[in-house]
Amino acid sequence: MKTTFRKLRVLSVAILFVGFTQSCKNKNESAVKVFVRSASNQLVEGAKVIIVGDVSSNPVTNAYVDTLITNSSGFATFNVSPYYEAADKEQTVAYFDVIAKTETKTAEGSVRSRIHTTAVETVFLPL
């Protein structure tokens, strides 16, 4: 009987330990979501969106480039978690320049990203 209670206590402590260690990890991805709109405020499908780390920002953002095409809803979602994993642990903010292109038009913008959050930016294509 004593060994059963001892095993039960050890098992309970192990379960609590695993539960506490897993609860401390932040499972939220770091993302940048860019909407591309036309001059008439319509969402644009198939636009090429490029994000570039702004190395002249303060605090400094490391070099980073990624390219996606907007989906049928007119936005592209960049997973920037690899950027934060490669950066220093103290770096929790990054600044990105945004470039959106269609066949004939180009638009620019910028976005501030924070670790474990989704930053949203909308760029408007000119007439």
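Reckoned from all heavy atoms, side chains included, excluding hydrogens, waters and symmetry mates.
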Does E108 reach the side chain of D97, with side-chain heavy atoms less than 4.5 Å apart?
no

Within the 3.5 Å criterion, strictly below it, is a donor on N79 or T77 matched to an acceptor on the partner's side chain?
no

Over all heavy atoms of both residues, which pair between A47 and V36 is shortest? Give the atoms and the distance, please.
CB-CG1, 4.0 Å

The reported gap from CZ in R112 to OG in S57 (rounded to nearest 0.5 angstrom) is 11.0 Å

For the student: nearest non-hydrogen atoms of A100 and L125, plus distance
O-CD2, 4.0 Å

Would V120 and F75 show up in the same hydrophobic cluster when neighbours are defined by side-chain heavy atoms closer than 4.5 Å?
yes

For S81 and S30, indicate whether the former's side chain and the latter's backbone hold a donor-acceptor pair under 3.5 Å.
yes

Could you tell me whether the side chain of T118 and the main chain of V32 form a donor-acceptor pair under 3.5 Å?
no

Taking every non-hydrogen atom, the tightest pair across P59 and Y95
CD-CE1, 3.8 Å

Parallel, tilted or perpendicular, as decided by the 30° and 60° cut-offs, for the rings of Y64 and Y83:
perpendicular

Check whether any side-chain N or O of T61 sits under 3.5 Å from a backbone N or O of G53 as a donor-acceptor pair, and report yes or no.
no

With rounding to the nearest 0.5 Å, note down the distance linking CD in E121 to NZ in K33.
13.5 Å

Quick one: do F35 and T70 satisfy side chain to side chain contact (heavy atoms under 4.5 Å, CB included)? Show the steps, please.
CA-CA 8 Å; F35 288 89; T70 56; over 6 Å; no

Spacing of I69 atom CD1 and K48 atom NZ [to the nearest 0.5 Å]:
6.5 Å

Test your reading of the model: is there a side-chain donor-acceptor pair from Q91 to the backbone of V60, 3.5 Å cut-off?
yes

Report yes if the side chains of N28 and T117 come closer than 4.5 Å at any heavy-atom pair, otherwise no.
no

Given V49, V98, V44, the one that forms side chain to side chain contact (heavy atoms under 4.5 Å, CB included) with V123
V98

For P126 versus A39, what's the shortest heavy-atom pair and its separation?
C-CB, 4.1 Å

Indicate the atoms forming the closest heavy-atom contact of A76 with L68, along with that distance.
CB-CB, 4.0 Å

Mind checking whether F96 and F78 have ring centres under 6.0 Å apart?
no

Please assess S72 against E45 for the test side chain to side chain donor-acceptor pair (under 3.5 Å), listing each intermediate value before the final yes or no.
CA-CA 5 Å; S72 60; E45 177 183 357; 5.3 Å; no

Nearest 0.5 angstrom please: N62 CG to D88 CG, how far?
7.0 Å

How about S113 and Y84: does a side-chain donor come under 3.5 Å of a side-chain acceptor?
yes

